[in-house]
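This is a predicted model, so every value here is computed, not measured. Letters A, B, ... are given to chains in the order of the sequence lines, protein chains preceding strands, and every chain is numbered from 1.
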Number of protein chains: 2
Amino acid sequence: MSESVRLLLADDEHLIRGALAALLALEDDLTVVAEAASGPEALAMALAHRPDVAVLDLQMPGADGVSVATSLRRELPSCQTMIVTSHGRPGHLKRALEAGVRGFVPKTVSAQQLAEIIRTVHAGNRYVDPELAADAISAGDSPLTVREAEVLELAADGAPVAEIAERAALSPGTVRNYLSSAVSKLGAENRHTAVRLARERGWV
Amino acid sequence: MSESVRLLLADDEHLIRGALAALLALEDDLTVVAEAASGPEALAMALAHRPDVAVLDLQMPGADGVSVATSLRRELPSCQTMIVTSHGRPGHLKRALEAGVRGFVPKTVSAQQLAEIIRTVHAGNRYVDPELAADAISAGDSPLTVREAEVLELAADGAPVAEIAERAALSPGTVRNYLSSAVSKLGAENRHTAVRLARERGWV
DNA sequence: GTCGGTGGATGACATCTGTCATACGGGGTG
DNA sequence: CACCCCGTATGACAGATGTCATCCACCGAC
């Protein structure tokens, strides 16, 4: 049937990918034409099989779903992309939408729902899980300046101020100022909880 | 058929749980008798349906797979438990085995393999994914004492010493001692990198 | 040109952390 | 019993961190 939507499934969890392929194959207007277990593989398979829709897991070895979507947008514009994620955080959603992703759903949806969303995306529309969207909206825009976010990111792995200063080419004092203001903007107790909060809200 | 293995599936990701149920149902010696989307629900369903084998996701809301396994061991000893995990870290494996879990596999296995492993577990044998086992062995035993690990865990979310002390019912000075010794044992620069290292090695 | 805003820096100060020595009670082991 | 390790605690001290006020240079707007 030439009407069938050609799908690429990319997920590093074989169990899920296989199960998903089996369930989606039950829908007679959906055809899984390729599967991949990593970011680079997904890209290669997409270019080889030219699917209509790419269903990408967010967390994959090599390159995450959003990077793959970005590449696909450039190299195979005819292919719509959508992200499926285990435990989604709003930051990824924002990144994904900026990358041109048309669908963003958690893995808590059922196969029926997923099939329906695939059709929606294939029709050129967008679909974002309402709950994730609400989270993203309630998280709002980052109150951090570019520098504050940069410094906060460098602080993420527990590096001391001196190291952050070196890596950011700033004076240690300045780094402490930025961290201090970031911490107070986020209402955190110290930079480490600040990093955590910013991560949760997708601001770094 | 009375020979069929009665299964409980617990996973908060509807997509995966449903798909898994569908695939496992294809094996005619396996029957899914209950599904759950959270830790407490898994426990309740297990007690209600008395499955032979419980297939538990590691990450679930409410109570993780290992806690559920621990409770099951006590409240429904006839039920064998196994853990399926997305991105397994060795620490969980050790915890799981101590909780009496008989099978521990990553979601990268195929449905066929999983079915086979379920049979293995049901037969009273154990199965641990070779790669996860290798990781666990190479990570070795934790050099941390129980208290050090406890305190380190409380330090994980960036809480200040005072808060850790309160939550651990210890004096702040003692907390600092433990953190200090944990940091030096792990060769870290500060408690935060120590937390990260311990996490990577599965020691917390 | 003056004004204000922003990025960057400095210095001072209080507090928090990390480290160390020391102390004491309890549980094993020789 | 003596010894050692562990858990717990205290005190002391150096260094790191968080906070604040202040300052300078640059840039764009008025």
Side-chain angles (χ1 to χ4, degrees), chain A residues 91 94 139-204, chain B residues 90-91 94-95 98-99 139-204:
Chain A
K94 190 177 295 184
D141 264 1
S142 173
L144 304 176
T145 68
V146 177
R147 289 304 154 126
E148 285 162 0
E150 268 180 43
V151 169
L152 199 56
E153 195 156 14
L154 288 172
D157 51 0
V161 170
E163 193 180 318
I164 300 172
E166 199 182 352
R167 292 215 275 163
L170 287 174
S171 104
T174 303
V175 168
R176 279 192 285 156
N177 287 337
Y178 285 155
L179 286 176
S180 178
S181 98
V183 164
S184 77
K185 280 179 180 175
L186 295 174
E189 298 186 321
N190 56 45
R191 62 167 109 169
H192 304 287
T193 61
V195 166
R196 192 162 45 77
L197 288 174
R199 279 266 162 84
E200 285 171 7
R201 296 176 167 78
W203 292 340
V204 296
Chain B
K94 188 176 296 182
R95 273 179 60 221
E98 283 162 4
D141 263 1
S142 172
L144 304 176
T145 68
V146 176
R147 288 304 152 127
E148 284 162 1
E150 268 180 42
V151 170
L152 200 56
E153 195 154 14
L154 288 173
D157 52 1
V161 169
E163 192 181 318
I164 300 172
E166 198 182 352
R167 292 214 275 163
L170 287 175
S171 102
T174 303
V175 168
R176 281 189 284 155
N177 287 337
Y178 287 157
L179 286 176
S180 178
S181 98
V183 164
S184 76
K185 280 178 179 176
L186 294 174
E189 299 184 322
N190 55 45
R191 64 168 105 167
H192 305 286
T193 62
V195 167
R196 194 161 42 79
L197 288 174
R199 281 267 162 84
E200 285 171 9
R201 292 174 170 74
W203 290 339
V204 293

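The outermost nucleotides of DNA chain C lying under 4.0 Å from heavy atoms of chain B, listed 5' to 3', are C:dT17 to C:dC20.
Residues meeting the side-chain hydrogen bond (donor to acceptor under 3.5 Å, both in side chains) test with A:S181, sequence neighbours left out: A:E148. Taking the side-chain hydrogen bond (donor to acceptor under 3.5 Å, both in side chains) definition, one finds that A:S180 meets it with nothing, sequence neighbours left out. Taking the side-chain hydrogen bond (donor to acceptor under 3.5 Å, both in side chains) definition, one finds that B:S171 meets it with B:T174, sequence neighbours left out.
Between the B:K185 side chain and the B:L144 main chain, no donor and acceptor come within less than 3.5 Å of each other.
Sorted by first and then second residue, the ring-ring contact (aromatic ring centres under 6.0 Å, His included) pairs with a member in residues 151-184 of chain A form an empty list; sequence neighbours excluded. Pairs of residues two or more places apart, or lying in two chains, never qualify as salt bridge (charged side-chain N to carboxylate O under 4.0 Å, His left out) while including a residue from residues 172-184 of chain B. Under the ring-ring contact (aromatic ring centres under 6.0 Å, His included) criterion, the residue pairs touching residues 182-202 of chain B are A:H192-B:H192, with sequence neighbours excluded.
With a 4.5 Å cut-off on side-chain heavy atoms, B:V151 and B:L170 count as touching.
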Could you pull out the protein-nucleic contacts involving nucleotides 23-25 of chain D (nitrogen or oxygen on both sides, under 3.5 Å)?
none

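Listed in residue order, the members of residues 172-185 of chain A having a heavy atom less than 4.0 Å from DNA chain C are A:G173, A:T174, A:N177, A:Y178. Using a 4.0 Å cutoff on non-hydrogen atoms, the parts of residues 154-170 of chain B near DNA chain D are B:L170, ordered by number.
Between B:W203 and B:P143, the shortest heavy-atom contact is CZ3-CD, 3.5 Å.
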Using the rule given for side chain to side chain contact (heavy atoms under 4.5 Å, CB included), can you reason through A:L186 versus A:L152, listing the C-alpha separation, both sets of side-chain angles and the distance that settles it, and then say yes or no? CA-CA 11 Å; A:L186 295 174; A:L152 199 56; 3.9 Å; yes
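Atom CZ of residue A:R199 and atom OG1 of residue A:T193 lie 13.0 Å apart, to the nearest 0.5 angstrom. One finds the OG atom of B:S184 at 11.0 Å from the CG atom of B:L179 (value rounded to the nearest 0.5 Å).
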Dot-bracket for DNA chain D: what is it, with Watson-Crick or G-U pairs under 3.5 Å, [ ] where a pair crosses earlier ones, and | for a pair to another strand? ||||||||||||||||||||||||||||||
Kindly list each side-chain donor-acceptor pair under 3.5 angstrom involving residues 155-169 of chain A, sequence neighbours excluded, with atom names and distances?
none

